[in-house]
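Taking it in order: structure first as structure tokens, then the write-up.
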Amino acid sequence: MVQLRRQILSCGRILNQFQFNIKRNSSSLQIRDKKVIQPERSFKYADLTVRLAGPDQLQPKPNVSALAFGKYFTDHMLKIFYHETLGGWQIPEITPLEKLVLHPASKVLHYAVELFEGLKAYRGVDGKIRIFRPELNMERMNNSAMRTGLPTFIGEELIKCCCRLISIDQEWVPHSTASSLYIRPTLIGIDPTLGVASSESALLYIILSPVGSYFNKTKENIGISLLADPQYTRAWPGGCGSYKVGSNYGPTIYVQKEAIEKGLQQVLWLYGEDNEVTEAGTMNIFMFFINDDGEKELITPPLTSDLILPGVTRNSILALAREWNQFKVSERKFCMNEVCQLLSENRLLEIFGAGTACIISPVSYIEYVGQPLHIPTMEHSNPVYKMFLKHLTDIQYGIIPDHPWVIPIE
């Protein structure tokens, strides 16, 4: 046990030497840091303290075949407090997984002053553990923090702290290319005062969860099914649909329940009088079709309307599609009447959702104002969604070695 603790603690020295090449992945993060984040007030990885769980605090690890999404959690967590009266961010610490103690007037409990992120660590075919494009999650997290009146931070420092946490709980990363370790950074306002205002105290924490498939398994040739009901709206222009905040998700549970009662799996969110397609459940949405010029085209809604979350998987799919240059790629608005017309003219080829939790989920069926729409996504011999899924998982699990989108955990 003592030897194991020494090995775990030595990971900190390795990570201190680790150099993150953020430039190769995202220039906007650096710009955002310079404009908004005050380096002297941010927490620093170099100050991180570690308190390891004792033998009585260790949890039994579930069998990989039993993994569901978000059901099991690892032995440790990262916690970083922020107190304006104490000068800002406090010392980051890794502790045994434990319950949070909050004042009943904490702003998170009354005004949903909170945000979260989702990314994953993957155990590769070579045994190495990798995380996928975390700098994009840090950029999005800081954007969400600004919108909710919560403190910002240096993204690279949180990435380093996260890597240390994963190195400590590394045996929780599944030994499987069908599973992964889900990483949930969360930032909440804990100021114990009523009143809608910025929170002068906050808590940033990270918990880890080994996960399997996000959706219940279906037959191999059947994709997911969606309920498209124009009476429900997820986001609107000028709102918070483009930020990863909990208040975007709680109000969707009622509609999700209605979809399930109809025998469907998720909700296809529409907006406006023309039933603009926005997202599918918690996923970004893509449509692949033959356009009016006879070209094959991949489209996804743009990020310019505040309706769409800037997904990391979305970003990656667009980058790969433009690199491959095999078909036209567009970010533009599209509506349900276009979906119906393309389907009636046999020009709609595929619809699929994309997100960190599910990676890529093909769509086979949409119920739209009582009209059944059978989407031929699964009927092709070599669909593009499978090309994207294979390439992304090959990067994540190290089949494509040394890709710039992944950071190895030493």
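For the single chain, residues carry numbers from 1 onward in sequence order. Scope of the values below: all heavy atoms of this structure, side chains included, with no hydrogens, waters or symmetry mates. The structure displayed is predicted, hence computed values, not measured ones.
- Residues E276 and C335 come closest through the heavy atom pair CA-SG, 3.8 Å.
- Side chain of D169 to backbone of H76: a donor-acceptor contact under 3.5 angstrom is found.
- Between the side chain of S242 and the backbone N or O of I308 there is no donor-acceptor pair closer than 3.5 Å.
- By the 4.5 Å heavy-atom criterion applied to side chains, I206 and L158 are counted as neighbours.
- Around CG of L194, the count of heavy atoms belonging to other residues, nucleotides or ligands within 6.0 Å exceeds 12.
- Closest heavy-atom contact between P134 and I407: CG-CD1, 3.7 Å.
- Among residues two or more places apart in sequence or in another chain, the ring-ring contact (aromatic ring centres under 6.0 Å, His included) test is passed with F116 by Y249.
- Within the model, atoms OG of S330 and CD of E297 stand 3.5 Å from one another, a figure rounded to the nearest 0.5 Å.
- For the pair L67/V211, no side-chain contact is recorded, criterion being any heavy-atom separation below 4.5 Å from C-beta on.
- F388 places none of its side-chain heavy atoms less than 4.5 Å from the side chain of T313.
- Panel note: side chain D191, backbone T193; no donor-acceptor pair is recorded below 3.5 Å.
- Just one residue in the list F352, Y385, F334 forms a ring-ring contact (aromatic ring centres under 6.0 Å, His included) with F286, and that residue is F352.
- Judged by distance alone, with hydrogens and angles left aside, the side-chain atoms of S106 form no donor-acceptor pair with the main-chain N or O of V108 at under 3.5 Å.
- Using modelled atom types, one finds no donor on one side chain facing an acceptor on the other under 3.5 Å when comparing E200 with T85.
- A side chain to side chain contact (heavy atoms under 4.5 Å, CB included) with I317 holds for exactly one of V384, L298, V312, T300; it is L298.
- Between L226 atom CG and Y365 atom OH the span is 10.5 Å, to the nearest 0.5 Å.
- The distance from atom CD1 of I129 to atom CD of Q170, rounded to the nearest 0.5 Å, is 5.5 Å.
- How far CD1 of I395 is from NZ of K390: 10.5 Å, rounded to the nearest 0.5 Å.
- Take K79 and apply the salt bridge (Lys or Arg N to Asp or Glu O under 4.0 Å) test, not counting sequence neighbours, and it matches E98.
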Walk me through it: do N337 and D274 pass the test side-chain contact (heavy atoms from CB on, under 4.5 Å)?
CA-CA 8 Å; N337 60 353; D274 53 0; 5.9 Å; no
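- Using a distance-only test at 3.5 Å, with no hydrogens or angles considered, no donor-acceptor pair links the side chain of R332 to the main chain of P302.
- Using modelled atom types, no side-chain atom of E279 and backbone atom of L270 make a donor-acceptor pair closer than 3.5 Å.
- Nearest heavy-atom pair across G241 and N248 is CA-ND2, 3.9 Å.
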Which is it for E156 and Y45 under the side-chain contact (heavy atoms from CB on, under 4.5 Å) test, yes or no, and what are the steps along the way?
CA-CA 9 Å; E156 184 178 349; Y45 167 73; over 6 Å; no
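- Look at K61 and E171 and you find no salt bridge, because none of the NZ, NE, NH1 or NH2 atoms lies under 4.0 Å from a carboxylate O.
- Between the K107 side chain and the G195 main chain, a donor and an acceptor come within less than 3.5 Å of each other.
- Side-chain contact between K257 and I260 is absent, with no heavy atoms from C-beta onward closer than 4.5 Å.
- Two residues are said to be in side-chain contact when any heavy atoms from C-beta on lie closer than 4.5 Å; L208 and L165 meet this criterion.
- Heavy-atom contacts from other residues, nucleotides or ligands closer than 6.0 Å to CD of E273 number 12 or fewer.
- In this structure, K128 and V406 have side chains that are not in contact, with every pair of non-hydrogen atoms separated by 4.5 Å or more.
- Between K296 and E350 no salt bridge is recorded (no basic side-chain N to carboxylate O distance below 4.0 Å).
- When all heavy atoms of W172 and F73 are compared, the pair lying nearest together is CH2-O, 3.5 Å.
- Between F288 and F327, the distance separating the two ring centers is shorter than 6.0 angstrom.
- Within the 3.5 Å criterion, the main-chain N or O of I154 finds a donor-acceptor partner in the side chain of S42.
- Put simply, the side chain of T148 does not reach to within 4.5 Å of the side chain of L187, judged on heavy atoms.
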For T74 and L181, what are the C-alpha separation, side-chain angles and deciding distance, and is it a side-chain contact (heavy atoms from CB on, under 4.5 Å)?
CA-CA 9 Å; T74 69; L181 185 73; 3.9 Å; yes
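- Within a 6.0 Å radius of CH2 in W324, more than 12 heavy atoms belonging to other residues, nucleotides or ligands are found.
- Within the model, atoms OG1 of T233 and CG of N275 stand 9.0 Å from one another, a figure rounded to the nearest 0.5 Å.
- When atom types are taken as modelled, the side chain of Q90 and the backbone of G88 share a donor-acceptor pair closer than 3.5 angstrom.
- The side-chain hydrogen bond (donor to acceptor under 3.5 Å, both in side chains) test applied to S201 returns H83, not counting sequence neighbours.
- Closest of all the heavy-atom pairs between L392 and L320 is CD2-CD1, 3.9 Å.
- Of all the heavy atoms in P151 and W89, the pair that sits closest is CG-CZ2, 3.6 Å.
- Under a 4.0 Å N-O distance rule, the pair E93/R51 does not qualify as a salt bridge.
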Does the pair V369 and M336 meet the rule for a side-chain contact (heavy atoms from CB on, under 4.5 Å), with working shown?
CA-CA 11 Å; V369 292; M336 283 304 298; over 6 Å; no
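- Looking at D75, its side chain never comes within 3.5 Å of a backbone N or O of P96 through a donor-acceptor pair.
- Within the 4.5 Å cutoff, no side-chain heavy atoms of L97 are placed close to those of Q59.
- Side chains of T278 and R234: a donor-acceptor N/O pair is absent below 3.5 angstrom, by distance only.
- Distance CG/N315 to CG/N284: 10.0 Å, rounded to 0.5 Å.
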